[in-house]
Undergrad: 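Structure provided below as structure tokens; questions to follow.
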Amino acid sequence: MNFSNVDRKPRFYKGLSARDWITISLVAGCGVYSMWEGLSLDLGSVRRIGAGAFPFAIGALLSIMAIFLGLAGSPANSTDQPKISIRGPVHISAAMIAFMILINPLGLAPTIAIVTILSASADRSLRLRSVLLLALFASSLCTVVFVFLLGLPLQPFWW
Amino acid sequence: MNIFDNLLMGFGVALSWEALLYCFIGVTLGTFIGVLPGLGPMVTIGMLLPITYYLDPTSAIIMLAGIYYGSQYGNSTASILLNLPGTSAGAVTCLDGHPLALQGRAGSALFMTTIASFFGSCFGIIVLASLAPVLANFALQFGPTEYFALMLLGLIAAAILVRDSLVRGLVSVLLGLLLGLVGTDIYSGSPRFTFGFLKLSDGIGLVPIATGVFGVALIMANAGRHVVSGSTEKLGWRSMMPGPGDVKRSILPMFRGASIGSILGMLPGAGPTISTFIAYATEKKIARDPSRFGRGAIEGVAAPEASNNAASQTGFVPTLTLGVPGDPVMAVMLGALMIHGVPPGPMLLVDHAPLFWGLVASFFIGNLLLLILNIPLIGLWVQLLKVPYGLLYPMIISFVCIGVYSINNSVFDVGLVMAFGLFGYMMLLLSIEPAPMLLGFILAPMIEENFRRSLILSRGDFMTFVETPISGGLIALSALLLGWIIISDFYPKKTQVPNQDAGKENSGGQD
């Protein structure tokens with residue numbers, strides 16, 4: 001448990017890391033895009049605000065915030081920012097894409113087994129045997145709970 | 001009818017077999033997910049929301065609420081035993097709870113947190129039952145300008161949730177507002193931010209965003225990392241008994257904690273997590289010997305636990321009577337009410353009186369059940385902490401996929417969850433807190449509608465927002481808060497507030 005002791009000096013231009021630049025450009029990008037989207041819709045008048053006014057205003061505020069982000073510098077905890085992991089996002093995304101593709105042709109039980117195997121393989125410490133057992137357990141549990149107990153309209157198998 | 005008649009009616013509803021069953025399921029599940037680091041009420045409620053379609057509204061809300069306040073009991077278990085908060089509202093409990101466990105007093109610390117939680121909850125429920133009708137009456141005078149001003153205040157307050165950088169909090173709120181605008185504009189019918197997807201013309205659902213940003217994103221960050229599971233001692237009845245003076249020393253802190261929690265729970269944008277920080281800081285400030293804190297002071301456990309439980313009960317006051325949620329979990333609860341055709345707002349207490357008072361009565365029953373679940377059965381929950389994360393998260397992913405898919409039988413929604421998972425993971429890497437974003441997302445349609453309606457009614461006169469005392473006062477408060485945000489971001493004061501990031505890697509920012 002750490003206590004943040006920030007000194008009293010104003011933090012103008014404290015130096016920006018690559019991550020800060022990414023944040024600033026993404027925020028500015030969202031801001032500019034939504035201002036553009038707002039302008040392409042009807043801004044309306046003060047008496048009858050149009051569909052574009054809110055997107056434009058929020059976009060403008062986001063763009064201003066991007067400037068403030070640059071002025072404020074790195075966040076106080078910039079030293080312990082989370083490390084980037086590629087395995088987690090890739091495996092979890094793969095598992096969810098597999099669910100999207102397989103749920104209709106294959107049915108629930110085989111799909112869940114595949115989803116479990118794909119997502120569990122992000123963790124290198126698990127043995128193949130335990131992954132397979134987990135897949136069996138997860139797919140039978142999901143089939144029993146969701147199809148038989150809760151009666152969701154899902155096909156357990158493809159036939 | 002006075003409050004006692006109402007409560008009597010409420011108990012009539014809450015003591016039916018069905019309500020009791022769902023209350024029990026809710027609080028048990030709540031304790032379960034509260035104990036497990038990395039799975040919070042946000043994800044669970046989001047995941048179970050589609051399943052509650054099949055229930056009647058009262059049972060559904062009783063169960064979902066049970067998950068929420070139940071998790072406030074469970075979150076201290078991991079904080080005390082593993083120094084790892086079960087949910088973000090348990091982060092402060094680590095400070096003194098874990099040192100107590102290291103001194104071999106984990107049992108009595110767990111006992112005191114349960115008692116403090118129970119006390120805080122009961123305090124919060126009494127505040128809820130007595131203030132909700134008053135506030136609902138008051139809210140009948142609210143027009144679109146007042147609602148706009150109140151939501152503006154809520155959004156700005158939500159930005160303060162982010163302790164490192166308040167500008168980042170505002171960025172998060174604004175991104176949420178943008179996401180909330182996706183879909184068809186209600187006044188003109190023109191599609192906005194739909195990127196040509198017909199599926200997006202109804203807007204993005206609450207469940208895909210909530211489960212993606214709060215659940216899947218954290219799993220993406222933690223999968224494959226070794227989450228330390230500490231050794232857990234055996235807890236018997238004897239070790240649960242509080243030491244000499246523990247109870248006596250905890251009474252006043254519990255009372256102060258519950259009062260702080262009750263007030264902060266009702267303010268839009270604050271919520272249980274913030275209240276624990278303030279309750280802890282208060283105890284430390286007024287203690288005769290502040291150096292005891294951080295080394296196992298029982299007050300440092302009792303006060304925050306009482307406050308987060310009180311806050312999670314009084315959080316229902318603005319949600320139910322004004323329709324304005326105070327924190328992201330309440331926002332999901334609000335979504336659940338609307339899905340079930342119960343519009344929250346001042347008329348809820350009149351139109352759906354059995355639901356409201358039944359819910360309040362179920363809080364009493366649920367907290368009694370939690371007392372039973374958490375004192376004799378604590379050993380069971382401790383065992384749970386030994387299950388490796390690698391076996392847990394693939395199951396959570398499977399549940400998320402099935403839960404989201406079954407809302408509309410749409411694989412597009414599963415794709416949205418994945419996209420928001422990646423988006424949330426990116427926010428995590430870029431230090432942008434997701435909680436304010438979700439509040440912005442929920443409030444965006446309401447805030448826009450009320451703003452536009454106000455200006456139509458006043459024929460384009462902006463003075464309408466400051467002319468009435470309620471709306472003017474709220475706007476002034478928002479402006480003051482905003483000024484303070486900007487100034488404090490550039491001139492950070494020397495603070496002694498514990499860093500909210502403690503244990504974030506494993507528990508995430510979910511309340």
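Throughout, a chain's letter reflects where its sequence line sits, starting with A, and its residues are numbered from 1. Here the structure is a predicted model, which is why all the values come from computation and not from measurement.
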Undergrad: Chain B heavy atoms under 4.5 Å from Ile101(A): which part of the residue, side chain, backbone, both or neither?
TA: neither
Undergrad: Decide yes or no on salt bridge (charged side-chain N to carboxylate O under 4.0 Å, His left out) for Arg192(B) and Asp42(A), but give the supporting numbers first.
TA: CA-CA 11 Å; Arg192(B) 296 188 288 185; Asp42(A) 173 29; over 6 Å; no
Undergrad: Quick one: what part of Leu174(B) sits under 4.5 Å from any heavy atom of chain A, side chain, backbone, both or neither?
TA: both
Undergrad: Which atoms of Asn409(B) are under 4.5 Å from chain A, going by heavy atoms: the side chain, the backbone, both sets, or neither?
TA: side chain
Undergrad: Which bit of Leu141(A) comes within less than 4.5 Å of chain B, counting heavy atoms only: side chain, backbone, both or neither?
TA: side chain
Undergrad: If you count heavy-atom pairs under 4.5 Å with chain B, which of Ile58(A), Thr116(A), Val115(A) comes out on top?
TA: Ile58(A)
Undergrad: Please determine, by modelled atom types, if Tyr280(B) and Asp96(B) share a side-chain donor-acceptor pair under 3.5 angstrom.
TA: yes
Undergrad: Could you tell me whether a side-chain N or O of Tyr425(B) sits under 3.5 Å from a main-chain N or O of Val216(B), the two making a donor and an acceptor?
TA: no
Undergrad: Within a strict 4.5 Å, meaning less than it, do heavy atoms of the Met437(B) and Val173(B) side chains meet?
TA: no
Undergrad: Are more than 12 heavy atoms, taken from residues, nucleotides or ligands other than Phe412(B), located less than 6.0 Å from that residue's CZ atom?
TA: yes
Undergrad: At a 4.5 Å cut-off on heavy atoms, which part of Leu26(A) comes close to chain B: side chain, backbone, both, or neither?
TA: side chain
Undergrad: With only heavy atoms counted, which part of Ile103(A) is less than 4.5 Å from chain B, the side chain, the backbone, both or neither?
TA: side chain
Undergrad: Between Ile456(B) and chain A, which part of the residue has a heavy atom less than 4.5 Å away: side chain, backbone, both or neither?
TA: both
Undergrad: Distance check, rounded to the nearest 0.5 Å: Phe399(B) atom CZ versus Cys142(A) atom SG?
TA: 5.0 Å
Undergrad: If the plane angle is over 60° it's perpendicular, under 30° parallel, otherwise tilted; pick one for Phe423(B) and Phe420(B).
TA: perpendicular
Undergrad: Counting heavy-atom pairs under 4.5 Å with chain B, which one of Gly50(A), Gly59(A), Ser130(A) comes out on top?
TA: Gly50(A)
Undergrad: Is there a side-chain contact between Tyr405(B) and Asn104(A) in this structure, where contact means two heavy atoms from C-beta onward sitting under 4.5 Å apart?
TA: yes
Undergrad: Looking only at heavy atoms and a cut-off of under 4.5 Å, which of Ala138(A), Ala135(A), Ala120(A) has the most pairs with chain B?
TA: Ala120(A)
Undergrad: Identify which of Pro55(A), Cys30(A), Gly52(A), Ser121(A) forms the greatest number of heavy-atom pairs closer than 4.5 Å to chain B.
TA: Pro55(A)
Undergrad: If you count heavy-atom pairs under 4.5 Å between each of Met65(A), His91(A), Met100(A) and chain B, which one has the most?
TA: Met100(A)
Undergrad: Classify the ring geometry of Phe451(B) against Phe54(A): parallel below 30°, tilted from 30° to 60°, perpendicular beyond 60°.
TA: perpendicular
Undergrad: In terms of heavy-atom pairs under 4.5 Å with chain B, which of Val90(A), Val145(A), Leu41(A) leads?
TA: Leu41(A)
